[in-house]
Amino acid sequence: MNGAQPMRLAAGGAIDRARPLGFTFDGRAYAGFAGDTLASALLANGVRLMGRSFKYHRPRGPWGAGAEEPNALVELRTGARREPNTRATVIELFDGLVAQSQNRWPSLRFDVMGVNGLFAPIFTAGFYYKTFMWPASFWEKLYEPIIRRAAGLGRAAREPDPDEYDRSHLFCDVLVIGAGPAGLAAALAAARSGARVVLADEDVRPGGRLLAEAHEIDSAPGVLWAERVAGELAGMANVTLLARTTVFGLFDHGAFAALERVADHLPEPAPHQVRQRLWRIQARRAVLAAGAIERPIAFGGNDRPGVMAASAVRAYLHRWAVLPGRRGVVFTASDDGWRTADALLAAGASVEAVVDARPDPPAALMRAAGARGLRVHAGAQVVGTHGHLGLQAVDVRLPSGSSLGIDCDLLAVSGGWNPTVHLASHQGAKPVWDAALAAFVPGRLPEGLAVAGAAAGRFTLAACLADGAEAGRAAASACGHAAAPLVLPRAADEPAAQAAFFHVPGPRGKAFVDFQNDVTVKDVKQAAREGYRSVEHAKRYTTLGMATDQGKTANVVGLAILAEATGRSIEATGTTIFRPPYTPVAMGAIVGHHRGRDFRPARHTPMHDWAAENGASFVEVGPWYRAQWYARPGEKGWRDSVDREAEAVRRAVGVCDVSTLGKIEVVGRDAAAFLDFVYTSMISTLPVGRVRYGLMLREDGLVFDDGTCARMGPERFFITTTTANAGRVMQHLEFCHQVLKPAMDVSFLSVTDRWAQVSIAGPRSRDLVAMLVGPGVDLSTAAFPHMSAAEVEVCGQVPARLFRLSFSGEMAYELGVPADFGDALMRHIMQVGAPLGLVPYGTEALSVLRVEKGHPAGGELNGHTTARDLGLGGMMSRKKDYVGRRLAERPAFTDPARPILVGFKPVDRGQELKSGAHFLDPGAEARIENDQGYMTSVAFSPALGHSIGLGLLARGRERIGQQVRAYDPVRNRDIVVEVCHPVFIDPEGDRTRG
Amino acid sequence: MLLLPCPFCGARAETEFVFGGDGSVAPPPEGENASDAAWTEALYFRDNPRGAHRELWFHRHGCRRWIAVERDTVSHAILRAELLVPSARKDGQA
């Protein structure tokens with residue numbers, strides 16, 4: 001017929017014959033045309049064997065022509081872009097496309113695993129549960145590897161995905177899902193009324209079934225009408241058309257998810273082009289016009305290549321000008337199936353017979369068939385098929401009971417249409433069985449969603465157009481857009497009756513219900529016999545309706561057979577739950593740009609670049625990257641750097657970037673009273689220019705966060721939080737204000753990112769600070785003692801805030817400047833501090849210094865400790881109410897036997913302490929009842945020359961000087977430690993205050 | 001994903017908010033004079049209703065208002081949403 005494409009019709013179809021495309025399948029080169037799918041191009045080349053089935057490795061060809069395809073799954077592309085289980089029926093052909101068949105070895109035509117078919121009795125329903133039960137030890141060694149090798153069809157790429165994926169948002173008045181006749185009519189009606197409309201369709205071209213049928217609208221081919229409407233919509237400013245876009249999920253409150261295949265029709269995405277885009281569409285109203293999917297009939301050998309959905313046969317003929325077979329038989333239980341015979345005849349194929357399972361098909365159809373000389377067998381059934389790798393003949397059982405063999409290479413099957421109700425059910429509403437229609441239709445609809453056309457069970461073209469137009473008008477009107485007059489196009493109400501006919505009794509050979517999972521009628525019946533009567537149980541037991549197609553063709557047939565086997569109605573049997581996504585979605589599309597280093601945002605302090613230039617190793621603290629230590633040449637490991645940094649602070653002076661601390665301005669007439677309410681200690685008595693350490697409790701009495709509170713003015717405070725809790729403290733303050741103390745005049749401003757802040761610590765810190773703030777600021781202890789705050793200027797021009805605060809136990813200051821000056825400040829400090837022996841120090845040295853001083857931090861503020869546990873009971877004011885006060889007094893929290901913060905030293909000073917070790921009395925058995933507490937923080941103290949620790953120990957203060965076991969079964973350690981005061985260095989605080 | 005009608009900002013995606021727990025409970029009005037039982041009830045015991053449920057949300061990436069939302073736990077329908085500081089609008093902070 002057409003040279004290299006023997007099954008291509010000479011004319012017709014929506015293909016561009018001027019643009020031939022080359023591709024390979026299983027290494028063999030073929031040619032197709034622009035506009036082809038992989039399946040249509042292969043069929044045009046006379047290739048109908050496209051894969052092997054999952055369990056029995058039976059030869060399979062395409063059943064359908066769309067997204068519902070269960071059989072023709074192929075591996076597409078190679079290397080890092082190799083993608084398994086893609087449906088050949090929806091892959092747009094491109095030049096150079098490479099595809100491979102799956103689940104066969106050594107070749108598609110000769111597959112060794114085909115012997116699975118001989119062992120079929122083993123692979124029945126519940127196969128996994130029955131076969132791999134025992135012995136348990138076989139699981140890891142034998143069963144799992146076998147199942148892993150056998151399970152799944154294609155192979156995923158082994159390299160990282162080289163493509164980019166995007167996520168975008170759309171907002172509209174009316175979302176129309178599906179651009180078939182109903183969807184186009186709906187979109188047009190809504191758009192002409194002025195509503196903001198989004199029209200999405202999974203196909204590259206608008207038209208839906210119009211592309212596949214010979215229907216006429218306004219006495220012209222329906223495709224032309226579709227093109228004209230799409231053209232009008234494309235020209236309207238209030239309309240967004242999304243082609244190649246599958247709306248795959250309906251979520252709460254009118255949120256839809258859609259996947260746009262931006263570049264899947266290209267060999268690879270263009271530079272800077274994404275491969276796919278995930279749309280989140282927020283729609284006030286939506287019209288579901290997703291059409292319907294033709295269901296199969298289960299009969300013997302109904303999976304042989306050449307057995308096809310009747311609707312798919314018409315699609316291949318009309319849209320792609322491909323003849324799926326030269327000698328056809330139609331097996332139908334619907335009026336719709338009959339049109340396939342006409343389509344085949346028109347394409348020049350022969351039609352050997354029309355077999356209608358219904359005893360009395362409509363007289364009009366019978367008459368028309370008679371006029372064409374068609375042989376019709378009413379009340380007959382196809383019971384079996386013949387052929388090795390493709391169909392060669394069918395066996396028909398006539399009403400008389402006698403059998404008739406018919407030679408053919410194509411069997412077009414129409415079991416009737418199932419409305420595509422999926423999205424209407426994603427919010428949990430079950431579809432309902434319409435007995436007159438012999439189909440499930442949407443039940444109670446989610447708010448804002450209307451269903452139109454075939455998706456609503458309105459199967460004729462005229463009904464689809466009218467229904468769509470009305471749904472579009474109503475949706476726009478609900479959004480406040482007055483309807484524009486719309487003249488409905490003229491179309492016919494073609495015969496569209498269908499019977500509830502699902503399987504042929506007494507099939508010859510395996511009668512498949514679910515092609516993709518190789519589930520047969522027998523399997524479903526067996527599941528029912530074994531007690532799996534619930535449709536959900538039967539699904540899991542037989543695997544019916546699972547895998548990539550999620551039973552789009554199989555489910556209704558399967559549950560109808562289950563209903564019959566359990567003696568219930570289809571209605572009473574019901575459907576399984578529909579869940580998103582409608583069709584498979586690549587993980588890459590869901591992840592979007594959030595992968596690798598972009599997995600989550602990174603926060604850098606203003607001094608980050610400076611730190612990186614100076615050898616800093618960074619540690620993640622929430623989203624922040626903090627300098628952990630600054631390695632110098634010659635240092636062998638991190639401990640060398642940390643010891644050096646900590647020693648330098650104790651000996652001379654160090655500088656540490658503390659910009660990540662949460663910083664909040666608290667202002668208002670009632671700011672002081674409010675802070676009294678959120679901190680355990682009294683803040684209102686704090687004079688301006690002074691700082692107080694503050695502790696916040698949760699309402700349940702446990703410690704929430706700690707930080708400092710500086711009074712910058714009578715009604716103005718500047719408070720700090722821990723790095724990790726900055727956001728939560730802000731939220732807590734807003735809660736305490738808005739919910740608990742709404743009458744108070746106070747407001748909050750998060751200024752964490754506005755201030756770059758450094759800690760300058762060590763005996764020479766005052767000398768360094770003096771060089772920064774100039775001689776005008778009196779830094780003497782008398783004028784600016786420990787716990788003071790002032791607004792100053794750095795280098796005589798940069799506004800700054802100076803605090804005298806110490807975390808390290810040394811004389812120390814914190815200096816804040818506007819964030820933009822942070823980098824310059826750090827470089828300046830390093831320059832002027834060099835003669836003083838200044839070193840930068842990181843979070844590790846910071847931690848060493850604070851453990852030496854017994855200050856609680858993350859390990860101690862762990863959500864299990866009270867203020868008393870941390871030795872901070874004195875900060876719990878008795879003169880006022882505050883959040884957590886009442887619950888902090890409950891008996892369990894005031895129990896003197898509670899573990900309390902103390903220090904620890906290894907008795908053998910050479911040993912290393914580990915946090916997480918649990919304390920036991922010497923000689924006590926290591927059992928949970930004997931547990932005395934646990935180690936919370938440890939450090940190597942360069943000042944003391946040995947390992948030190950902080951921990952929570954029952955009656956710890958009473959046991960200072962005693963010994964306990966630090967038992968650590970996780971790391972297999974068990975050492976004796978001495979209990980000591982938690983402040984290892986300068987317990988009197990002279991160095992701090994000096 | 002929920003679409004929460006913030007009385008301050010309008011309908012916004014759930015991702016802008018932080019869930020703040022059950023909005024039908026509050027610290028006992030007697031404060032520190034309330035019984036252990038009353039505090040225990042307020043802090044630890046929560047109903048799990050099928051149907052209308054009052055809950056708190058913090059519009060963290062928006063107006064930073066705490067709002068009370070009445071949500072149907074079955075359908076996720078939002079029945080009501082209100083500011084916890086009714087006076088905030090009058091203050092001109094909107």
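Here is the naming used below: chain letters follow the sequence lines, and residue numbers restart at 1 for every chain. Every value quoted in this text rests on a predicted model; they were computed, and no experiment measured them.
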Among residues at least two apart in sequence or on other chains, which ones pass salt bridge (Lys or Arg N to Asp or Glu O under 4.0 Å) with A:Asp753? A:Arg603

Identify which part of A:Glu889 has an atom lying under 4.5 Å from any heavy atom of chain B, answering side chain, backbone, both or neither. neither

Side chain proximity check, A:Pro742 to B:Leu84, heavy atoms < 4.5 angstrom: no

Contact leader toward chain B among A:Val739, A:Asp881, A:Leu887, where contacts are heavy-atom pairs under 4.5 Å: A:Leu887

Mind listing the closest non-hydrogen atom pair of A:His253 and B:Ile78 along with its distance? CE1-CG1, 3.4 Å

So, do B:Trp66 and A:Gln738 sit near enough that their side-chain heavy atoms are less than 4.5 Å apart? yes

B:Met1 versus A:Asp252: any side-chain heavy-atom pair under 4.5 Å? no

Residue part contacting chain A, namely of B:Ala42, when any heavy atom lies under 4.5 Å: neither

Measuring from A:Asp700:CG to B:Trp39:CH2, what's the distance to the nearest 0.5 Å? 10.5 Å

Going by salt bridge (Lys or Arg N to Asp or Glu O under 4.0 Å), name the residues that satisfy it together with B:Arg80, two or more places apart in sequence or in a different chain. B:Glu70, B:Glu82

State the CZ-OG distance between A:Arg444 and B:Ser75, to the nearest 0.5 angstrom. 8.5 Å

Count the heavy atoms of every other residue, nucleotide or ligand shown that sit under 6.0 Å from CZ of A:Arg595, and state whether that count exceeds 12. yes

In A:Arg886, A:Arg885, A:Arg890, the residue satisfying salt bridge (Lys or Arg N to Asp or Glu O under 4.0 Å) with B:Glu32 is A:Arg885

Could you tell me which portion of B:Leu43 (side chain, backbone, both or neither) has an atom closer than 4.5 angstrom to a non-hydrogen atom of chain A? side chain

Atom pairs and distances, side-chain donor-acceptor, residues 4-21 of chain B, under 3.5 Å, sequence neighbours left out:
residue: B:Arg12; atom: NH1; partner: B:Glu16; partner atom: OE1; Å: 3.4
residue: B:Glu14; atom: OE1; partner: B:Leu2; partner atom: N; Å: 2.7
residue: B:Glu16; atom: OE1; partner: B:His59; partner atom: NE2; Å: 2.7

Keeping B:Arg64 on the side-chain end and A:Phe748 on the backbone end, is there a donor-acceptor pair under 3.5 Å? yes

Using non-hydrogen atoms and a limit below 4.5 Å, what part of residues 45-58 of chain B faces chain A? B:Leu56, B:Phe58

Taking side chain as everything from C-beta outward and backbone as N, CA, C, O, which of these in B:Ala34 sits under 4.5 Å from a heavy atom of chain A? Side chain, backbone, both or neither. backbone

